[in-house]
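See structure below.
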Amino acid sequence: MLTFVVNLHTGIPNMALAEPLLYPLHKEGKMHLVFPSIDKIEHRIEDATGKVQKHLERSPFMKWQVVFLVQIAEDIKDVFSESLSGQMLLIRKLFLESELLSSKPTNSYMIAIDEINEDDAIPAVNKNKNYRDAWELDTKGFIRNDRNFFIKEEDIKALNSLWTSKINMDSSTIVNLGFERLPAQVKENVNAAISDITQRIEELLNPEKINYQNYQVTRGIRYIDEDLINGIKEEFFKRLQNTKIDPSRYNAFSPSATLRTAIVENLGIFSENNEYTFKLIRFPFQYTHEDILQRYLMKLSILLTLIAENEPIIRSLQQKNYVVKIGLDDAEVQQVVYNYMEHLHNTEQQLENRLKNTPPISLALYKDLECACSETLDKPNAENLDFGFLRRNGDLPRWNNWNKVYEGQLEEYVEQARGKMQICIDQTSFVNEAPGKAEEVNIDVKVNELDKEQHKLQSKVEHNFLSQTYAFNWKDYQKEQEKVLKPKLFSRPNTNEISMLLAAATLIFSIPFVFFKTSDGELILNMDLGTEFVYFLAVLLTMGLVVFAAHFMAKNNYLKELEVIVKEVLAKAQSLRMSINDEFERQKDYLKSLCRLSTVRKNYEIAREAQIDKNNNNVMLDYHRRKLEDHKNTARKIMRIFKANEQNLSNSYNDKLAPIDVEKPPYANDVYAINTFINPPSIDDREVGMVENVKHVVKNDIEHLVTLISFDKDRIYEKGEV
């Protein structure tokens, strides 16, 4: 069963030094402490309601009970909200009857922290008027001060005269046959008295004449309301009728006492609602000094343990209210706190050593993938185009066909690049095999290396991309070159033009020589045959040399111009092939970088996660180191309170104790719990429990720290009359 401890005592903000005694219950899910930090009790209850419901939502369905810690003090300001019955009313309305709670508790305990009553039987009503009024309201359902209550005390006492003035029976008159056998006059007197009392009660308890605002506890909740007044009247009239039918009770009948009984049945801690709901345990408590307070908190933790563990001694509490007293065994507490302190200290030293000597991290990283692609593009053979000096039909079609060949080569080159790039994509695997063998590394250095490499590769791939487009426009370029080529092709001479040119040149060059005169005035043609042969041969040779020179120069000039155009086309084709090849190689490099980045990223994530785990582990180690120091301070305070000497520590260490789990909170680690170091005595069945002089065995180990736990009927808060 889960036990919620709801603290409504503003003077006790936490369990302080006693909390480690409750760690085992917290660890096993048997107890959950709810200590709101709000001052007003109604707000504390509402806050506790929300926290309890949230805890229940996170837990599997289970039975649960609740223990409320409330205060009994003399500095009461508001009787209706600070009395025990007033606090019970608020708890019922704001907690137990709250719509927020998905289920209701099996048991509801109220531990009243009593700071005022020192005597076991006489309430300290003379110390403070407000406390007196609250005590009387709790135990008798009544407040002396007329201005604070719905009925005056003198009006209650005056009810007796309405009865005694008419009823005075002697023993000879009383018969055992009931009201109907009474003499007529007596019956008339009884009816008259009952009528007067009834009428007076109707006047005194008229719901319409009571200002319920005077009994406001908090918004929407009043200590007294119309239903309660009607309930008191109904209870009174029932008791009045029962008295009427039994004449033997007439002389002892007191209307005022009956009204007070009816009031206490509906008001105070003994009202039907409260008795049905709560089991009240008054716990005398003093905190005049810090050390005294801590001793009492340890006693309180023992009481809470008994309730949470549902010990037989708790199940034997049949009454609705008890006073509890707990005696601590100082010698036993001393020995336990010695062991507690030693283990806290040694565990702290272990954690400090782990923080100072951080071991290397063992990492299993992925190996580099076979990311490089071996595909290369085949280079096509270049085909030259020669043009002759003489103009021929078909040179321009040859030019166009030659361009189509290169255009086709480029298109084939592009298709080859696309096909081989797809092969590269298919060959490049981005799925790593299982991580390799684990190796010890300096995790911070490794993370830094992988991070730098990751950013380098990331920057590289961000500026690259995969593409199936290799852009070129050969036709436009061909048209541009054709505009330059055409004039040159068609400006060349053909064979006929050369023949006619040579004939004309021969004729032109021959005339001056044929008609050239000698020095004596005779024509050369008049020379002898041999001389003329030599002469004409010389002329022909001279003309041939001149024509050959002119032809050579013209041909060389034309061919050079045409060769320049062809070379430019070849260079353009080569440039486009290189561009396609460069793009192909760039994409191969991009694939390689992308593949490498995939591996580096995975390794970085592995290393970074290991680094985060290491850092988190170090944070948790440091957290527990500080918590151990805090608990050592707690142990020192307990040692001082119980007069234990720290020099008696033996520095022993229990190796069988489970090592601290830094992932768990302190309450879940045994070393933080004082209970871990309790050495039960040889006699297990110690009868340290006492319920109204009946001895009980307490099985829980924590009870070995006590000498006696007694539950007695409470004589301070018991049902009574004013």
Quick check for you: to the nearest 0.5 Å, what is the distance between Lys93 atom NZ and Ile221 atom CD1?
7.0 Å
Yes or no on salt bridge (charged side-chain N to carboxylate O under 4.0 Å, His left out) for Asp47 and Arg44, after CA distance, side-chain angles and deciding distance?
CA-CA 5 Å; Asp47 183 63; Arg44 293 171 77 88; over 6 Å; no
Which heavy atom of Gly220 sits nearest to which heavy atom of Gln216, and what is that distance?
N-NE2, 3.5 Å
Is Ile232 close to Phe150 at the side-chain level, that is, under 4.5 Å between some pair of heavy atoms?
yes
Can you name the closest pair of heavy atoms from Val217 and Leu89 and give their distance?
CG2-CD2, 4.1 Å
Apply side-chain contact (heavy atoms from CB on, under 4.5 Å) to the pair Asn675 and Asp701, showing each step before the final yes or no.
CA-CA 7 Å; Asn675 319 48; Asp701 286 345; 6.0 Å; no
Distance from Leu351 atom CG to Asn618 atom CG, nearest 0.5 Å?
11.0 Å
For Lys643 versus Gln334, what's the shortest heavy-atom pair and its separation?
O-NE2, 3.6 Å
Taking NZ, NE, NH1 and NH2 as the nitrogens, is one of them in Asp630 or Arg626 under 4.0 Å from a carboxylate oxygen of the other?
no
Side-chain donor or acceptor of Lys637 paired with backbone N/O of Gln294 under 3.5 Å
no
Are the side chains of Trp64 and His55 in touch, meaning some heavy atoms are under 4.5 Å apart?
no
By side-chain contact (heavy atoms from CB on, under 4.5 Å) - contacts of Asp444 (at least two apart)
Asn442, Gln611, Lys614
Quiz question: by atom type and distance under 3.5 Å, do the side chains of Gln286 and Tyr296 form a donor-acceptor pair?
no
Side-chain donor/acceptor of Asp138 to backbone N/O of Leu84, under 3.5 Å:
yes
Enter the distance from Asn633:CG to Leu17:CG here, rounded to the nearest 0.5 Å.
10.0 Å
By the definition side chain to side chain donor-acceptor pair (under 3.5 Å), identify the one residue from Lys627, Glu19, His624 that meets it with Tyr672.
His624
Let me confirm one number: the NE2-CD1 distance from His9 to Ile41, rounded to the nearest 0.5 Å.
10.5 Å
Calculate, to the nearest 0.5 Å, the distance between atoms CD1 and CZ belonging to Ile638 and Arg636 respectively.
12.0 Å
Could you tell me whether the side chain of Leu297 reaches within less than 4.5 Å of the side chain of Tyr287, counting heavy atoms only?
no
Quick one: are Asn353 and Gln350 in side-chain contact, heavy atoms under 4.5 Å?
no
For Ile314 and Glu309: C-alpha separation, side-chain torsions, deciding distance, then whether side-chain contact (heavy atoms from CB on, under 4.5 Å) applies.
CA-CA 9 Å; Ile314 296 297; Glu309 294 286 12; over 6 Å; no
Look at atom CD of Glu609 and say whether more than 12 heavy atoms of other residues, nucleotides or ligands are closer to it than 6.0 Å.
no
Within a 6.0 Å radius of atom NZ on Lys127, are there more than 12 heavy atoms belonging to other residues, nucleotides or ligands?
yes
Output yes when a side-chain donor or acceptor of Asn130 lies under 3.5 Å from a complementary backbone atom of Ile76, and no otherwise.
yes
Do Lys140 and Phe270 touch side chain to side chain, with heavy atoms closer than 4.5 Å?
no
Side-chain contact test, heavy atoms from C-beta onward, threshold under 4.5 Å: evaluate it for Glu348 versus Glu352 and give yes or no.
yes
Quick check: does any side chain N or O of Tyr623 sit under 3.5 Å from a backbone N or O of Asn617, one acting as donor and the other as acceptor?
no
Can you tell me if Glu82 uses its side chain to pair, donor with acceptor, with the backbone of Lys77 under 3.5 Å?
yes
Step by step, work out the side-chain contact (heavy atoms from CB on, under 4.5 Å) result for Val691 and Ile313.
CA-CA 7 Å; Val691 177; Ile313 190 173; 3.5 Å; yes
Keeping the roles fixed (side chain from Asp291, backbone from Ile641), state whether a donor-acceptor pair exists under 3.5 Å.
no
Side-chain donor-acceptor contact under 3.5 Å, Tyr223 with Ser85:
yes
Nearest heavy atoms of Phe677 and Asp670, plus distance in Å
CE1-O, 4.3 Å
Please test Tyr23 against His631 for ring pair (Phe, Tyr, Trp, His ring centres under 6.0 Å), starting from the C-alpha separation and ending with a verdict.
CA-CA 12 Å; Tyr23 282 170; His631 283 71; 5.8 Å; yes
Is the backbone N or O of Ile678 less than 3.5 Å from a side-chain atom of Tyr340, with the two atoms forming a donor-acceptor pair by type?
no
Under the criterion salt bridge (charged side-chain N to carboxylate O under 4.0 Å, His left out), I'd like the reasoning laid out for Lys713 against Glu692: C-alpha separation, chi angles, the key distance, then a yes or no.
CA-CA 7 Å; Lys713 185 177 180 181; Glu692 296 186 85; over 6 Å; no
Pairing residues for Ala308 by the side-chain contact (heavy atoms from CB on, under 4.5 Å) criterion, not counting sequence neighbours
Thr3, Leu25, Met31
Hey, can you pull the donor-acceptor pairs under 3.5 Å for the side chains in residues 119-126, sequence neighbours left out?
from	atom 1	to	atom 2	distance (Å)
Asp119	OD1	Ala121	N	2.7
Asp119	OD1	Ile122	N	3.1
Asp120	OD1	Lys325	NZ	2.9
Asp120	OD2	Lys325	NZ	2.8

Looking at Glu265 and Ser271, would you say the former's side chain and the latter's main chain have a donor-acceptor pair under 3.5 Å?
no
Between atom CZ of Arg132 and atom CG of Leu137, what is the distance when rounded to the nearest 0.5 Å?
12.0 Å
For Met620 against Val662, the heavy-atom pair lying closest together
CE-O, 2.9 Å
Indicate yes or no: at least one non-hydrogen side-chain atom of Asp714 is less than 4.5 angstrom from one of Gln319.
no
Treating Arg282 as the side-chain partner and Asn321 as the backbone partner, does any N or O pair qualify as donor plus acceptor under 3.5 Å?
no
Work out which heavy atom in Leu363 is nearest to a heavy atom in Ala610; give both atom names and the distance.
CD2-CB, 3.6 Å
In this structure, which one of Ile45, Leu8, Val70 forms a side chain to side chain contact (heavy atoms under 4.5 Å, CB included) with Leu90?
Ile45
Evaluate whether atom CZ of Arg715 has more than 12 neighbouring non-hydrogen atoms of other residues, nucleotides or ligands under 6.0 angstrom away.
no
Can you find a heavy atom in the side chain of Asp330 that is under 4.5 Å from one in the side chain of Arg295?
yes
Salt bridge (charged side-chain N to carboxylate O under 4.0 Å, His left out) assessment of Lys54 paired with Glu57
CA-CA 5 Å; Lys54 285 183 179 179; Glu57 289 173 353; over 6 Å; no
For the pair Met15 and Leu300, evaluate side-chain contact (heavy atoms from CB on, under 4.5 Å) and give the outcome as yes or no after the intermediate values.
CA-CA 9 Å; Met15 292 300 294; Leu300 177 59; 4.1 Å; yes
Report yes or no: does Lys299 contribute a side-chain atom to a donor-acceptor pair with the main-chain N or O of Gly327 at less than 3.5 Å?
no
